[in-house]
Structure formats: structure tokens, C-alpha cells
Amino acid sequence: MRFSSSYEPGEFESDIYGAWEASGVFEPTISSLPSDNDGDGIDDRKEGGATNTYSIVMPPPNANGNLHIGHGLTVALEDSLIRYYRLRGKSAWYIPGADHAGFETWVVYEKELEKHGHTRFEYTRDELYASVWNFVAEQRGNMELQLRALGASCSWRDLTFTLDENVIDQVYTTFEKMWNDGLIYRGEKLVNFCPKHQTAFADIEVEYKDEPGTLWEIEYRLVEEPAGPSSEGPKTWASAPERPEEEWSGGSLIVSTTRPETLLGDVAVAVNPDDARYKDLIGKMVKLPLANREIPIIADEHADPEYGTGAVKITPAHDFDDFEVGERHGLLRIQVITEDGKMFNVPEEYYGLTTAECRKKVLKDLKNQGLLKGEKKISHSVAHCYKCGTTIEPMLKEQWFVDVKPLAAEAIKHLENDEIKFFPENKKHVIINYFNNLKDWNISRQIPWGIAIPMFRKIDDRATDEPDWIFDRRTNLQEIEKAGVKYIRDEDTVDTWFSSSHWPIVSTNWTPENYNPYYPLSVMETGADILFAWVARMIMMGIYVTGEVPFKEVYLHGLVLDEHGKKMSKSKGNVINPMDLVTKYGSDAFRLGILRGRSAGMNQAFSENSVISGRNLCNKLWNISRLIQSIADESAEVDREIDSEVLETVSREGYDPSEVSEARNDGPERTRSKKLQSNLSYTTLNMGEDWICREINQCMEQVEKSMKDYRFSEAVETLYQTIWDKYADWFLESQKIYKNVPLLQNTLESLLIMLHPFAPFVTEAIWQSLSWTNGFIMTAKWPMKLKYDPISAEQFENIRTIVSEVRTTLQSLPGTNNAKKYGLLYDNDSLVKDNLLLIKTLTKVPEINALEGAPRGLRVALANHELFLDVPEKVVSEYRDALTEKILAVGRELDALNARLMNPSYVEKAPQHLVKETRDLVNEKAALIDRLKLQLDLI
RNA sequence: GGGUUGUUAGCUCAGUUGGCUAGAGCGUCUCGUUUACACCGAGAAGGUCGGGGGUUCGAGCCCCUCACAACCCACCA
């Protein structure tokens with residue numbers, strides 16, 4: 001027996017994946033290698049190449065990690081696309097990747113080090129790099145196995161690791177180009193610095209959290225005494241209270257701060273130029289408390305008159321805004337905090353204290369001097385390291401920066417030229433908005449795990465004519481010599497986003513010399529949360545390096561939330577592991593489940609229920625196939641015994657042979673020999689067959705349209721409905737009488753192929769189990785439209801209406817098992833008369849007879865059919881109330897329709913076909929009411 | 001402060017240029033074990049589409065407004 005009674009994914013999935021992988025079907029059919037094979041300088045494949053190719057690169061999962069639910073969604077989306085376009089005949093290339101995940105991996109590794117009682121500072125950069133490399137190598141493989149379990153049909157031989165040689169090469173090439181173009185510069189700027197991890201971050205890597213804090217008010221006293229006390233009003237500002245005259249004789253300013261310890265690095269006090277209170281003070285000097293320095297009062301827009309006292313201390317070395325104020329006014333930057341969070345460059349009593357200790361002492365000392373004038377509890381947002389939660393310390397550092405303005409401007413140009421289509425559409429505006437406000441990009445990271453920055457600093461002071469920094473690719477060396485001058489390598493590594501922004505370029509092996517039909521990518525599919533960090537940078541870098549946008553379309557998925565719509569997190573304990581679900585319900589079930597109810601860019605809930613419904617569909621399809629195979633087997637058996645003519649005794653009911661299309665006139669063709677898919681010729685022999693062909697064609701159109709618009713959920717929904725509600729519940733039920741084997745085979749193949757992108761394993765398992773199919777379904781051809789007779793198909797809808805109404809009526813009658821008790825009577829109804837067997841099978845009534853004499857029994861509520869349930873008088877009268885209710889209900893519908901027609905504007909202005917439809921409906925309802933009333937009179 | 005997205009059945013969500021009685025899955029209830037499937041079949045209940053206004057013959061959909069929710073960016077001395 002080929003088919004067991006239920007589908008057990010565990011029995012098939014790994015074997016099937018292994019067979020696919022071994023046979024090379026994951027690889028694209030058109031080579032991506034240089035294609036000028038005949039050496040004539042003309043690309044042999046260029047013509048039409050890109051239109052026959054389809055390419056997706058996988059956002060590389062962390063090489064040493066496990067896949068989470070987001071990866072599960074990613075693979076479900078990307079692999080569905082790849083498989084779909086592969087079936088559609090494209091040379092599909094799904095390029096897998098693995099990410100060295102610079103910082104993420106580093107954090108994990110550093111924890112390991114700590115566990116063994118070591119710190120990073122015991123080793124050189126190169127030692128650490130080698131050590132992490134081994135660490136990752138040991139872990140690698142897990143996530144690749146998990147990708148296989150999810151069914152990812154990616155070309156494994158093309159897997160790109162973000163530290164592969166060609167990646168580093170390209171990154172250095174770009175770096176050099178940017179350096180030569182003046183787009184990379186070294187600057188001393190404030191960077192987001194995590195004192196725990198000892199590294200800087202880009203702005204987007206910092207998390208802001210609202211926290212309670214304290215706003216302290218500190219008095220800064222003027223050095224010179226202002227002019228006379230009376231004529232110009234009070235000489236103290238804000239709420240400065242009385243003070244002992246002997247200490248100083250002038251006015252003062254009260255500044256507000258949440259970080260009193262940075263006071264020691266103050267270089268000015270700023271007030272708003274329009275602030276009347278302070279106008280006269282601009283240009284004067286105040287004495288900086290505790291530090292005994294004199295600093296100026298300057299005018300700057302940064303000071304908000306509404307906030308605090310309106311006067312703000314300026315510490316350019318430790319605050320981003322102050323840094324900018326300092327730039328504008330040419331102020332010094334006095335750094336007072338070291339990278340490990342200790343005070344330096346300050347009076348002795350504060351030296352070496354941590355920032356927290358220093359804050360306490362500063363406040364205490366200020367209080368003792370009577371300069372602490374107040375404190376307020378406030379809530380403000382504070383920057384944290386997104387990994388460890390440590391408060392970010394803005395730190396003055398020399399770093400490498402990318403001047404992003406020209407890159408962003410170019411990106412905007414291409415976007416406004418509609419070169420990239422976004423799903424969802426609105427993200428295009430969001431990203432343009434981002435490009436418009438982008439600040440220079442700090443690409444230096446102080447972690448050893450990453451691509452070394454290819455810059456070397458001159459250490460030979462005598463060579464004054466040589467530049468301080470030179471570019472060189474030899475980052476394997478710590479020191480190099482050029483023209484007799486010695487240079488030392490920058491210790492830092494480059495931000496991972498700098499290298500990841502090359503992903504479409506490096507994973508497709510793009511080169512400037514050769515035409516590459518896979519670049520730009522057909523689509524970039526990734527999470528909406530890294531629109532800025534990754535997508536934006538890929539666009540800038542793609543254009544900068546290749547002159548072209550790196551992808552034609554972008555599909556962004558949202559977050560997968562838990563079943564209550566809450567973000568998954570370890571601390572909440574609501575994390576769903578995709579592999580658990582795959583093990584429990586199968587890969588297909590997971591894929592179908594996670595695609596359900598999901599749309600572009602939206603954060604959406606996910607629960608096991610949706611996976612269960614996917615599992616059920618797989619099992620349903622399995623059993624559908626099992627039935628069809630058994631029918632095919634049976635018919636082959638019969639064929640062997642008797643002459644094929646006898647089989648044609650299965651007559652076609654309710655169908656005029658004169659309408660038979662050419663294809664159908666051939667008569668039933670029994671195909672026993674193995675045939676390739678889509679070669680099975682068939683003939684429709686009854687209405688159900690025409691109808692299912694029509695429905696499958698519609699399904700096909702819908703799936704094609706949905707896939708074009710990235711409406712995965714809709715495609716799956718359509719298939720689910722067609723397979724279950726239409727194919728199984730109606731068509732197959734009707735085939736229990738007719739058994740048109742070639743058609744069954746043909747339609748099953750169509751459905752299997754259409755579902756394959758979403759449920760690759762079960763469809764392949766079935767394909768391999770069916771007796772008449774060859775090869776892999778994975779490399780089959782997308783089905784052709786089925787031929788059918790539309791009139792006949794429409795007739796089947798009438799049968800469905802009749803059957804449904806009979807079923808409903810039977811269920812609403814008193815008692816149970818009514819379908820077995822009562823037969824049907826028909827009067828002068830050719831559709832019923834010609835389809836007795838079909839209606840009997842579908843309704844399960846014991847018998848259907850022609851009505852003789854006066855109508856009796858219970859009239860079925862159908863407008864155009866004379867059909868009665870043969871029930872006793874007593875049952876009919878018990879049905880009286882239900883009938884009355886029904887008449888009222890139909891009456892209400894009729895009234896609503898009539899009201900619409902009574903409105904002259906409707907009849908006049910609405911499209912004519914709608915008006916006609918309404919009129920037809922009115923007639924139908926009216927007829928139905930008449931019949932029901934007849935019935936009521938009878939009771 | 002700037003921007004984006006939601007609010008439709010008990011739950012999670014569809015509903016694409018405005019058009020018949022607003023759909024699905026899961027859940028609930030009733031009936032049924034008929035040799036493809038109980039991971040099943042047949043049927044049912046359940047919605048004033050967040051509130052209010054407007055445009056229109058016609059609004060879940062378009063416009064205005066309010067409320068609530070979520071997210072992103074900037075700022076918070």
C-alpha cells in the first residue's frame with residue numbers, strides 16, 4: 001500500500017529534502033558565471049537573461065545561532081516565492097547565507113571567556129579573531145540544518161558567509177573607492193559608547209528608554225559684577241536666593257542638568273539669544289564651580305527658554321547637542337570620562353572615581369558651597385546598549401565616518417524614479433524620509449570579531465610629507481612599510497552593516513566586468529524592523545558600487561507576535577520555537593500556518609492553531625490523493641478484465657451532446673501507462689467535472705495574481721478553499737459515481753503543483769507516491785488552464801444549491817437521521833430528473849421519485865425547482881413555524897431589494913448590470929415566496 | 001514635536017479602482033462514524049465593520065473629526 005491512512009510528515013521530510021539536494025535541483029539552471037563562452041566579447045546570455053531568472057538572497061541568519069520564528073517566516077515567504085517562480089519556468093536562485101553577526105556573536109563569545117575566567121584584554125586582536133572563528137565554526141551547521149528542515153530550496157553550494165574572502169575583498173574595494181572619493185573620513189566625534197562592551201555603536205543600534213531621573217539646578221556665579229543694581233532691574237536670575245555678600249558681589253545663573261558630574265568638563269553656558277532675561281549676560285564670564293575655571297556665557301538656539309531655567313551648561317565632550325553647540329562656537333572639548341567610565345582630566349579629589357561616585361561627590365560639594373539650588377524629579381529618555389542595557393556614554397573618539405549625504409541623495413533619486421517597488425507601498429516614503437535626515441555613519445567598532453578596517457596610521461614622525469593614514473588591504477599584517485615609512489594597522493573593525501550592505505552584490509558574485517542576470521535581485525525580502533539598518537544601506541551601497549539599485553522589489557514582513565498580539569520575548573516566556581512546531585506538525589503545516597493571515601509590513605499574531613489548520617490541509621490532500629490513486633488502481637484493474645467500451649456506460653447526465661467541445665468528443669481515454677504531468681488528456685463527462693475545471697482555473701488565476709502582489713495569505717486561502725471546499729467536498733463526492741480517471745489525475749496534479757510552493761514536502765511525498773507521475777514535483781511545470789464547458793459548469797451550481805437546500809431542510813426537521821428517513825419527490829424538473837443519482841449521493845436520501853398526483857410532503861425552498869421532501873403530514877405541520885419564519889425572512893430581503901429599485905436615482909445612475917441583477921433577484925425572491933406560501937396553504 | 005499603522009464574529013485576521021444578504025481559520029452548538037480523511041462529514045449560532053459628521057443612487061472601503069492602541073524618527077540641559 002502506497003498511502004497510509006494519514007500523512008506523517010516525519011516519515012518523508014528529511015528523505016525528500018535529501019533527494020532534492022542530491023539531485024541538484026536547488027541550483028539555478030542558468031549559470032551565473034561569466035558567460036562569454038565563445039570569447040567574442042559579447043555576453044552570450046544577455047539577451048533576455050534577466051527575464052528568465054529569479055533571484056532572492058537570504059538575509060543571513062547568525063552562523064552560530066538557532067533559527068527563531070522570524071527566520072521561519074522569512075523562509076516560508078522566500079521559499080514560496082522561489083518555488084513558485086521555479087515552477088513558472090524561471091531559473092530560480094535562492095542564495096543562502098550565514099552571518100558572522102559581529103557584535104551579537106562577540107557578546108556570546110565574551111560571555112564564554114568570562115565563564116572561564118578570562119577577559120578580552122589578555123589577548124591581541126588577532127588571537128581573539130582566530131579564537132572566535134573556531135568558536136563559530138564549532139557552532140555552525142545548526143542553523144543550516146534548520147533551514148533544510150524548513151524546506152528552503154536554496155543553492156547550498158553558493159552559501160555566502162559574511163567573512164568569506166570575496167566579501168572582504170569587495171568591502172575593501174568599496175572602502176578604497178570611498179576613501180579616494182573622500183566619502184570616508186576620520187573624525188573626532190561623539191559616539192555612542194558602551195562602557196561594558198567597550199565599543200561604539202551607530203545611532204540606530206542604541207535603544208532609548210524613558211526613565212525617571214533628577215534635574216539638578218546649579219548656580220554658576222558671574223565673574224564680574226554687573227552694572228548698578230537699581231536701574232536695570234534685579235541682578236540675579238531665575239530663583240537665585242539671597243547670598244552672603246562677601247563671597248562675591250555679582251549676579252549668577254542657574255543651570256539645569258541631569259548629569260552634574262559632567263560639569264567638570266563644561267566649557268560654556270548657553271542661553272537663548274531671544275531670551276530677554278539673559279540678553280545682557282551674553283559674552284560675560286562665569287566661574288565654573290569645583291573646577292575653578294572661567295567659562296563664557298554664549299547665545300545659542302539650543303537653549304530652550306521654556307525648559308528649566310533657560311540656561312544650559314555646555315559639555316561638548318559628553319553630550320551630542322553640546323558637541324554641536326561647541327562646533328558652532330569653536331569651543332574646546334574637555335574630556336573628563338574615560339572609556340571605562342572613570343573620571344580623569346579633573347581636580348585630584350575627583351580623579352579615578354566612577355561617574356556614579358563622582359556624581360555623588362559633586363552634588364555633595366556643591367551643596368556644601370551653597371550652589372545646589374534645587375532638584376526636580378523628571379522622566380527623560382536615556383540611551384542604552386541594546387544588548388546589555390548599560391547606559392550609553394557619549395564618548396569623544398577618533399573614528400571612521402562615512403559621509404552619507406551624497407549616497408543618500410543618489411538613493412533618493414533612484415527611489416523617486418520608481419526603480420524599487422515597495423511592499424507595503426508606504427515604506428518607500430518612510431525610507432526617503434530617513435534618507436533626508438541621515439547623519440554621517442560611524443563605521444568603527446572596537447570589537448575584534450569582524451572585518452578589519454583597512455587603514456594604517458603612520459608611526460614614523462620624521463616622514464612629515466607622508467599622509468597620517470593610508471589605505472591598504474594587507475590587514476593580516478599589524479605593521480606595513482610603504483616607501484620606507486612604517487604604518488600600523490587600525491585596531492578597529494568595520495560595522496557589520498557596512499559589509500552587509502554589500503549583500504546583494506557579493507552573494508550574486510556581481511563584478512563590474514560581467515553581465516549578471518541575477519543582479520539586481522528580483523526581490524529583497526526581509527523584516528520591516530531593519531528597513532533603515534539594512535535595506536537603506538543596501539540601496540545606497542548598491543547604487544554606489546554598481547550604479548544600479550540592488551533589487552527591483554522589496555517585501556517587508558512584520559514581527560511575528562504571540563497569540564495575544566504581544567511581542568515574543570524570553571522574559572515573558574512566550575517565545576515560540578519554529579523547530580518545535582516543525583517536529584510536531586511538519587514543515588508544511590508550519591509554513592502554511594505562518595503565512596495565514598499575514599500581510600506585508602504588519603506585526604501580526606501567530607498561534608499553534610494556524611499550524612494545526614495547515615497540518616489538516618496536508619492530511620486532507622494526502623487522503624484526496626489516496627482516494628484518487630485507489631480509483632485509478634481500481635479502474636486499471638477493471639480495464640484489464642473487460643473491454644473499455646463497457647466503461648462508457650457511465651452516462652453523462654443533464655448535458656446536451658451538441659454543446660460538447662472538440663476536446664470532449666474524443667470520449668474517455670483510459671491512460672494506464674505512466675505519463676508525464678500535463679500530458680494526461682481528459683474529457684469532461686458531466687457537470688461536476690466541468691465545474692471543477694472552472695474552479696481550478698479560477699484558483700490558478702487568483703494564485704497567480706496573489707503571488708504577483710505578494711499576497712501570500714490570499715494565495716494559501718484560495719488553495720485551501722479550492723482543495724477542501726470545492727475539490728474534496730463536491731467534486732470528489734460526485735466522482736464516487738462517475739470516476740473520470742484521467743480528469744482526476746489531471747486536476748490533482750494541478751492542485752498539487754499550485755500548492756507546492758507553500759507545502760513542498762507533502763506535495764512531493766504525494767507526487768512520489770502516485771503511480772503515474774514522474775520526476776520531482778519541485779521541477780514540474782506550472783499547470784495549463786483546463787478545458788471545460790462553461791454552461792455545464794454553471795449548471796452544477798444549480799445542483800449545489802438544490803443539494804444545500806435539501807440538506808438544510810433535512811437538518812431543521814424534527815428528529816435525527818432525517819436524510820435516511822425521507823426521500824425526495826420532484827415534479828416536472830429536468831435538472832433533477834437528469835441528475836437523480838448525483839443528487840441522491842450528495843444528499844444521501846434513500847430515494848428520489850417523480851411526483852404523482854397532487855403535491856405532497858414538504859416543499860424545498862427553491863425558487864426554480866419543484867422539489868418535495870416526502871415527509872408525513874405530521875412532520876410538515878411541525879415545520880409550519882419554521883416555514884413562516886422563512887417566508888418573513890425572504891420577504892425582508894425582497895423589501896430591501898424593492899426599496900433599491902424604487903429609488904429613481906439608483907435605477908438611473910447605477911451601472912445597468914447591477915440594476916438588472918437586482919431586478920432578477922427580486923423576481924427570484926418573489927417566486928420563492930409564492931412557492932413557500934403555496935406550501936403554507938397546504939398545511 | 002514629526003511620521004507610519006491599526007481598531008471588522010469569542011480569538012487571529014481577509015475584505016485590491018465604492019456595488020448583491022460583510023468572509024475565512026480556530027473556538028462554540030446540533031446532527032452524523034457513509035471503506036479517502038474524526039487531522040472527518042452535514043448543518044447552525046455569532047458582526048449597529050471604534051464613535052460622530054460628510055461626499056454618493058450606494059460607504060467596511062473615500063473625505064473631515066474625535067477616541068483608543070501599536071510602532072518608528074527627533075528631542076528631552
Side-chain angles (χ1 to χ4, degrees), chain A residues 3 5-7 204 208 210 213 215-216 255-259 262 270 302-304 307-315 319 321-322 378-382 424 426-427 429-430 433-434 437 528-529 531-532 558-559 561 563-565 567 585 589 593 596-599 601-610 612-631 705 709 711 713-714 717 720-721 728-729 732-733 736 804 807-808 810-812 816-820 843-844 889 892-893 896-897 900 903-911 913-914 917-918 920-921:
Chain A
F3 286 95
S5 67
S6 69
Y7 173 62
I204 43 172
Y208 285 88
D210 274 337
L215 190 63
W216 284 280
V255 302
S256 311
T257 181
T258 53
R259 299 201 59 193
T262 64
H302 167 61
D304 176 3
Y307 192 91
T309 57
V312 53
K313 64 198 244 357
I314 300 298
T315 322
D319 182 281
D321 292 318
D322 293 3
I378 55 157
S379 168
H380 61 154
S381 87
V382 179
N426 68 297
K427 294 291 180 192
H429 300 113
V430 175
N433 194 40
Y434 174 75
N437 299 302
D529 52 335
L531 178 67
F532 297 154
L559 294 177
L561 307 174
E563 57 183 323
H564 305 293
K567 213 167 170 171
Y585 300 108
R596 273 248 158 145
R598 211 156 286 279
S599 46
M602 300 294 300
N603 297 344
Q604 279 157 326
F606 172 65
S607 74
E608 204 161 320
N609 276 340
S610 59
I612 290 174
S613 117
R615 186 270 316 260
N616 294 352
L617 178 65
C618 294
N619 190 58
K620 188 75 184 180
L621 193 61
W622 179 260
N623 276 289
I624 285 170
S625 308
R626 184 154 79 110
L627 173 65
I628 292 173
Q629 181 65 59
S630 77
I631 291 173
K705 189 166 179 283
D709 297 336
R711 295 166 162 268
S713 182
E714 200 174 80
E717 203 72 46
Y720 193 104
Q721 223 197 339
D729 290 346
L732 281 188
E733 287 306 315
K736 285 177 178 171
S804 291
R807 284 170 176 171
T808 310
L810 283 167
Q811 292 253 359
S812 63
T816 61
N817 247 331
N818 289 326
K820 284 186 172 167
T843 57
K844 303 206 159 54
R892 282 191 293 271
E893 289 169 16
L897 292 169
R900 196 176 302 162
N903 182 346
S905 306
Y906 174 71
V907 180
E908 201 176 302
K909 293 187 183 174
H913 72 274
L914 281 175
E917 252 175 53
T918 311
D920 292 348
L921 219 50

- Quick one: are A/Asp322 and A/His302 in side-chain contact, heavy atoms under 4.5 Å? yes

- For the pair made of CG in A/Asn817 and P in B/U30, what is the distance, rounded to whole Å? 16 Å

- Taking only the side-chain heavy atoms of A/Met602 (C-beta and beyond), determine which of B/C31, B/U5, B/G43 contains the nearest atom. B/U5

- How is A/Asn903 classified with respect to the nucleic acid when contacts are heavy atoms under 4.0 Å: base, sugar-phosphate, or nothing? sugar-phosphate

- Rounded distance in Å between the C1' positions of B/A74 and B/U28: 49 Å

- Message: Which nucleotide wins on minimum distance to the side chain of A/Thr808, given the candidates B/U34, B/G19, B/G43?
- Response: B/G43

- Item | Any A/Arg711 side-chain nitrogen or oxygen under 4.0 Å from OP1 or OP2 of B/A14 | no

- With the side chain counted from C-beta on, respond yes when A/Lys313 and A/Thr262 share a heavy-atom pair under 4.5 Å apart, and no when they do not. yes

- Would one find a side-chain N or O of A/Arg615 under 4.0 angstrom from OP1 or OP2 of B/C39? no

- Item | B/G60 and B/U7, which share atom name P, separated by this distance in whole Å | 15 Å

- Do A/Glu717 and B/A24 share a donor-acceptor pair, side chain to base, under 3.5 Å? no

- Task: Could you tell me the separation between the CG atom of A/Leu627 and the P atom of B/U34, rounded to a whole number of Å?
- Result: 16 Å

- Item | B/G43 phosphate, OP1 or OP2, under 4.0 Å from A/Ser812 side-chain N/O | no

- Select from A/Asp709 and A/Tyr307 the residue whose nearest nucleotide in RNA chain B is closer to the 5' end of that strand. A/Asp709

- Considering only B/C37, B/G43, B/G41, which nucleotide approaches the side chain of A/Asp729 most closely? B/G41

- Sugar-phosphate only, base, or nothing, as touched by A/Ala728 at under 4.0 Å among non-hydrogen atoms: base

- Query: Is the phosphate of B/G41, meaning OP1 or OP2, less than 4.0 Å from a side-chain N or O of A/Lys620?
  - Reply: yes

- Query: Under 3.5 Å, is there a donor-acceptor pair between the side chain of A/Gln604 and the main chain of A/Gly558?
  - Reply: no

- Message: Whether the side chain of A/Glu714 and the base of B/A24 hold a donor-acceptor pair under 3.5 Å is what I'd like checked.
- Response: no

- Item | Flag side-chain contact, heavy atom, 4.5 Å: A/Val255 against A/Val312 | no

- Message: Base, sugar-phosphate or nothing for A/Phe532? Non-hydrogen atoms, less than 4.0 Å.
- Response: sugar-phosphate

- Message: Testing A/Glu608, A/Glu714, A/Glu717 one by one against A/Arg596 for a salt bridge (charged side-chain N to carboxylate O under 4.0 Å, His left out), which residue passes?
- Response: A/Glu717

- Message: Using atom P in both nucleotides, what's the gap between B/G52 and B/G18 to the nearest angstrom?
- Response: 23 Å

- Query: Hey, is the side chain of A/Lys736 poking within less than 4.0 Å of OP1 or OP2 on B/A36, counting only N and O atoms?
  - Reply: yes

- Sticking with atom P, work out how far B/G2 lies from B/U65, rounded to a whole angstrom. 14 Å

- Phosphate contact (B/C39 OP1 or OP2) by A/Ser613 side-chain N/O below 4.0 Å: no

- Per the atom types in the model, does the base of B/U12 pair as donor or acceptor with the side chain of A/Arg596 at under 3.5 Å? no

- Phosphate-side-chain proximity, A/Asn616 and B/C40, N/O vs OP1/OP2 below 4.0 Å: yes

- Message: For a quick check of understanding: with a heavy-atom distance under 4.0 Å over all strands, which category does A/Ser610 fall into, base, sugar-phosphate or nothing?
- Response: nothing

- Message: Can you confirm whether A/His913 sits close enough to A/Glu917 that some side-chain heavy atom of one is under 4.5 Å from a side-chain heavy atom of the other?
- Response: yes

- Atom-to-atom span, CZ of A/Phe606 to P of B/G25 - whole angstrom: 18 Å

- Rounded to whole Å, NE2 of A/His380 lies from C1' of B/C75 at a distance of 13 Å

- Expressed as a whole number of Å, how far does the P atom of B/C64 sit from that of B/U5? 13 Å

- Message: Let me spell it out: for each of A/Asn623 and A/Lys705, pick the nucleotide of RNA chain B with the closest heavy atom. Which residue's pick is nearer the 5' end?
- Response: A/Lys705

- Given atom CG of A/Leu921 and atom P of B/G58, what is their separation to the nearest angstrom? 20 Å

- Item | B/U48 and B/G43, which share atom name C1', separated by this distance in whole Å | 27 Å

- Query: Taking the six-membered ring for Trp, are A/Trp622 and A/Phe3 parallel (under 30°), tilted (30 to 60°) or perpendicular (over 60°)?
  - Reply: perpendicular

- Task: Check every atom of B/G43, B/C57, B/A36 against the side chain of A/Lys909 and return the nucleotide holding the closest atom.
- Result: B/C57

- C1' gap between B/G6 and B/C31, integer Å: 40 Å

- Message: Using atom C1' in both nucleotides, what's the gap between B/G15 and B/G25 to the nearest angstrom?
- Response: 15 Å

- Query: Of all the choices, B/C73, B/U34, B/C13, which nucleotide is nearest to the side chain of A/Ala605 once you look at every atom?
  - Reply: B/C13

- Would you mind telling me which of B/G19, B/C37, B/A42 lies closest to the side-chain atoms of A/Ser5? B/C37

- NA contact type, A/Leu215, heavy-atom cut-off 4.0 Å: base, sugar-phosphate, or nothing? sugar-phosphate

- Nearest to the side chain of A/Gln604, which nucleotide is it out of B/C39, B/A14, B/G25? B/A14

- To the nearest 0.5 angstrom, please state how far the OH atom of A/Tyr906 sits from the CG atom of A/Leu914. 5.0 Å

- Counting only side-chain N and O atoms of A/Arg900, is one of them less than 4.0 Å from OP1 or OP2 of B/U21? yes

- Rounded to whole Å, CD of A/Glu908 lies from P of B/G58 at a distance of 13 Å

- Note on the structure: Between NE2 of A/His429 and P of B/C71 the distance, given in whole Å, is 24 Å

- Atom pair distance, as rounded to whole Å: NZ in A/Lys427 and P in B/G3: 15 Å

